[in-house]
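As structure tokens, the structure follows; a few thoughts come after it.
No hydrogens, no waters, no symmetry mates; every other heavy atom, side chains included, goes into these values. Keep in mind the model is a prediction, meaning the values are calculated, not measured.
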Amino acid sequence: MDYIQTGGFVMDEKQLKKQQRDQRVNDAIELKEPDRVPFVPKTSGFYLEDAGISFYDAMMDARNMIPGFQKYMREFEPDAVNIGGLYGINALEALGTNYLKWPGPTCNLPLTSSFQHLDDTYLKDDEYKEFIEDPTHVTLTKLLPRKHKNLKGLSKLYLREVYDAGFFQDIAAFADPEVKEALHALEKAGEAAVERGKQMAEVRKAIQDEGFSTLCQGTFFIPFDAFGDSIRGILQVVTDIYDYPDELKAAVDKITEMNVKRIVKLYASRGAKRVFLPLHCGVDEFMSPQAYEKFYWPCLKRCIDIIIENNMTPVCFCEGNYNTRLEVLSQVPKGKVVYMFEKVDIKKVKNTVGKVACICGNLPNALLAFGTKEQVIEETKRQLDILAPGGGFIMDCSLMLDNAKHENMEAWRETTLKYGQY
């Protein structure tokens, strides 16, 4: 092993390269010019497919992902690794989850298929008021039973009167066979979650052992998206802006009040440096700029602020078209936020958001999967020409990357390294 003397310390070559990569990414986030533009693709299934690992195997045991990550890191040497997010099948099956489909015999999807999120409405129109008054009770007795068939017994619980005689009457529900089944399902799912956590710890250690850092150390769904994804449904929540505006605002405000504390509990207490915020519902097509500023931006800004207050960096993934949001997104402390974009006018974003926040490039995934090597090179050079000057830029793809031609990935990386020098 080669050892290098640096700053009075001796470190091996792997440690030195890791230090250089980390500094490169940190400089870009702080709007500085590093030695070159960092190369940090949002990989999801690519490291699996490229190594011949099925989504099913990765979701059954996270440790099955390790050879895929090792191959990806050794061949492409990203400046940070995006782990991506995969559910654990054992927990899903224990709960009888019905708002997701996953590869394998349970849902009759091919082993190589990714999971699928099914949009549906789990909170009914006439339940808005009840949810706002007591979201915990509604979640426990209505939302969870509707989203997981093995938890239907929870609908029989009533735990609002946890004092004196009322409590002793209400706990009789725990003797009900369906309630017992639900509690047993939760126990099995909890055991599966613990095991999945141990497996992911091994994955993170394997990445670290290769001399790489993860870009983010956690994922948090902002309140509006959480309400849309998991409670009202994405299609329903954007129509609620017009049909139930007061109720929607009150519900999102309530979740914001409750959930921002979770960011600190989950990540700040564990020493996380960066938190990934996937933004599903804020696209141009879903709401007007005025509605965005009223319903969406306040809860997003609150999450951004609390992450920064706790010495972490929010990494916001602006999914879909985002051209009408750029002035609003610029209302953040300088050099403290990362914005990823899927579809945006990159000249406009450089002259707005780029003045206060780090931008992650949006090389189209379709180009990497179906384009030619020459097309990838030209688009990479175009993005570097517009977004790299002055620093504050990280080369990235448009979406979580599942499929790509190997030669296109190589061309993308080589072009970034060659033309992304400062």
Side-chain angles (χ1 to χ4, degrees), residues 1-30 32-53 58 61-86 197-218 267 270-276 312-313 315 338 358 360-361 391 393-397 401 404 406-407 409-422:
M1 183 179 292
D2 295 328
Y3 290 89
I4 298 169
Q5 183 82 25
T6 174
F9 296 93
V10 177
M11 62 175 65
D12 63 40
E13 186 177 2
K14 185 180 290 186
Q15 290 174 313
L16 178 62
K17 287 185 176 180
K18 178 180 182 299
Q19 185 182 76
Q20 292 170 339
R21 284 190 287 261
D22 290 347
Q23 188 63 53
R24 192 173 292 135
V25 172
N26 290 338
D27 284 347
I29 291 173
E30 295 171 9
K32 301 174 184 176
E33 288 188 351
D35 59 334
R36 65 164 172 80
V37 169
F39 180 70
V40 189
K42 282 191 295 293
T43 49
S44 180
F46 174 75
Y47 60 86
L48 299 176
E49 181 180 272
D50 198 52
I53 302 166
D61 190 327
R63 293 169 295 188
N64 290 329
M65 299 188 291
I66 291 174
F69 275 119
Q70 290 171 331
K71 182 177 186 294
Y72 169 69
M73 290 182 290
R74 292 168 187 175
E75 291 188 3
F76 296 105
E77 296 187 79
D79 290 299
V81 176
N82 271 302
I83 291 184
L86 293 178
K198 293 178 181 177
Q199 294 167 7
M200 287 305 301
E202 292 189 43
V203 173
R204 288 189 288 270
K205 184 178 184 301
I207 292 172
Q208 185 178 16
D209 289 346
E210 285 290 320
F212 290 81
S213 297
T214 54
L215 180 65
C216 297
Q217 294 76 49
Y267 303 122
R270 301 178 189 175
K273 292 177 60 179
R274 292 180 284 267
V275 180
F276 182 62
M312 299 180 291
T313 300
V315 179
V338 177
C358 175
C360 283
F393 173 59
I394 295 174
M395 180 59 75
D396 189 11
C397 44
L401 185 64
H406 200 89
E407 65 175 23
M409 289 291 291
E410 290 176 340
W412 184 28
R413 178 182 181 276
E414 290 170 3
T415 306
T416 300
L417 269 59
K418 181 178 180 180
Y419 294 98
Q421 300 288 328
Y422 284 105

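The two residues N82 and P41 come nearest to each other via the heavy atoms ND2-O, 3.1 Å. Counting all heavy atoms, side chain and backbone alike, P67 lies closest to N64 at CD-O, 3.4 Å. Taking both residues in full, the closest heavy atoms of A28 and P38 are given as CB-CG, 3.9 Å, listed atom of the first, atom of the second, then distance. The two atoms that bring S213 and K18 nearest to each other are OG-NZ, 3.0 Å, heavy atoms only. Here the closest heavy-atom approach between residue G211 and residue K14 is recorded as CA-CG, 3.6 Å.
Residue R204 holds its CZ atom at 11.0 Å from CD1 of I66, rounded to the nearest 0.5 Å. With values rounded to the nearest 0.5 angstrom, K42 atom NZ is found 10.0 Å from I394 atom CD1. Atom CD in E202 sits 7.5 Å away from atom CD in Q199 (nearest 0.5 Å). In this structure, E210 CD and Y72 OH are separated by 13.0 Å, a value rounded to the nearest 0.5 Å. Interatomic distance, Y267 OH to R274 CZ, rounded to the nearest 0.5 Å: 14.5 Å. The structure places CZ of F39 at 12.5 Å from CZ of R21, a figure rounded to the nearest 0.5 Å.
Side-chain contact between K273 and N26 is present, with heavy atoms from C-beta onward closer than 4.5 Å. Side-chain contact between V338 and C360: present, with at least one pair of heavy atoms (C-beta onward) separated by less than 4.5 Å. Between V40 and D396 the shortest side-chain heavy-atom distance does not fall below 4.5 Å. Side-chain contact between R36 and D79: present, with at least one pair of heavy atoms (C-beta onward) separated by less than 4.5 Å. Counting heavy atoms from C-beta outward, Y47 and L401 have side chains that stay 4.5 Å or more apart.
Remark: Q20 CD is packed, more than 12 non-hydrogen atoms of other residues, nucleotides or ligands lying under 6.0 Å away.
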Determine, stepwise, if the pair R63 / D61 fulfils salt bridge (charged side-chain N to carboxylate O under 4.0 Å, His left out). CA-CA 5 Å; R63 293 169 295 188; D61 190 327; 2.8 Å; yes
Trace of the side chain to side chain contact (heavy atoms under 4.5 Å, CB included) decision for M65 with I53 | CA-CA 7 Å; M65 299 188 291; I53 302 166; 5.7 Å; no
Working note: E77 + R413, criterion side chain to side chain contact (heavy atoms under 4.5 Å, CB included); need CA distance, chi angles, decisive distance, verdict. CA-CA 9 Å; E77 296 187 79; R413 178 182 181 276; 3.5 Å; yes
(request) Please lay out, stage by stage, how I83 and F69 fare under the test side chain to side chain contact (heavy atoms under 4.5 Å, CB included). (result) CA-CA 9 Å; I83 291 184; F69 275 119; 4.1 Å; yes
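Between E13 and K17, at least one side-chain nitrogen of the basic residue sits less than 4.0 Å from a carboxylate oxygen of the acidic one, meeting the salt-bridge criterion. Ionic pairing of K71 and E75 is present here: one or more N-O contacts between side-chain nitrogen and carboxylate oxygen are shorter than 4.0 angstrom.
Remark: of the listed residues D27, D22, I29, I29 is the sole one forming a side chain to side chain contact (heavy atoms under 4.5 Å, CB included) with V25.
Between W412 and F76, the gap from one ring centroid to the other reaches at least 6.0 Å.
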